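Here the structure is a predicted model, which is why all the values come from computation and not from measurement. Because only heavy atoms are used, hydrogens play no part in the values below, and waters and symmetry mates are left out as well, while side chains stay in.
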Amino acid sequence: MEEKFIAAWEANRAAAAGRGIRMRPLDLKGAKRILSGTRLSDGFRELADCGQLKLSLEALAVDRRFTGLFTDDEANEALSRLLEAGYRF
């Protein structure tokens, strides 16, 4: 499942790059670190501004394909960030 998460992140990075938004490569450990802190993922605000939060790390963290990779706290943090930014599921 971790490999599929990394592949999905890379696909999202490529799609964001096509919109001029740069996001760093991440492994699962890095993703968990971001979701455990107060720092937003790379490009989050830019993705929100262009209505593309579906490409964010936070959106992947709450995607049912990957929920088993994240703790409840990490998933809840991702969900909170998305909802605060106006993300529509």
Residue set satisfying ring-ring contact (aromatic ring centres under 6.0 Å, His included) with F44, at least two apart, ordered chain then number -> none

Looking only at heavy atoms, which two atoms of A16 and L47 are closest? And how far apart? CB-CD2, 4.2 Å

Given side chains that start at C-beta, do those of F89 and L79 come closer than 4.5 Å, heavy atoms only? yes

Considering non-hydrogen atoms only, spot the tightest contact between A75 and A61 and give its length. CB-O, 4.5 Å

Before accepting this row, confirm whether a basic side-chain N of the pair E84/R81 lies closer than 4.0 Å to the acidic partner's carboxylate O. no

Where at least one partner belongs to residues 55-80, residue pairs that pass ring-ring contact (aromatic ring centres under 6.0 Å, His included), sequence neighbours excluded: F5-F66, F5-F70

Minimum side-chain heavy-atom gap I6-L26 below 4.5 Å: no

Does some side-chain heavy atom of L55 sit less than 4.5 Å from a side-chain heavy atom of R13? no

Salt bridge (charged side-chain N to carboxylate O under 4.0 Å, His left out) involving K54 - partner list, sequence neighbours excluded: none

Under 4.0 Å between a Lys/Arg side-chain N and an Asp/Glu carboxylate O for D63 and R65? yes

Could you tell me if the side chain of K32 sits less than 4.5 Å from the side chain of L35, heavy atoms only? no

I21 and C50, any side-chain heavy atoms less than 4.5 Å apart: yes

Is E77 close to S36 at the side-chain level, that is, under 4.5 Å between some pair of heavy atoms? no

Side-chain heavy atoms of S56 within contact of N12, under 4.5 Å: no

Test your reading of the model: is there a side-chain donor-acceptor pair from E74 to the backbone of T71, 3.5 Å cut-off? yes

Nearest 0.5 Å, what's the CD-CE distance between E10 and M23? 9.0 Å

Within-4.5 Å side-chain heavy-atom neighbours: E58 and L53: no

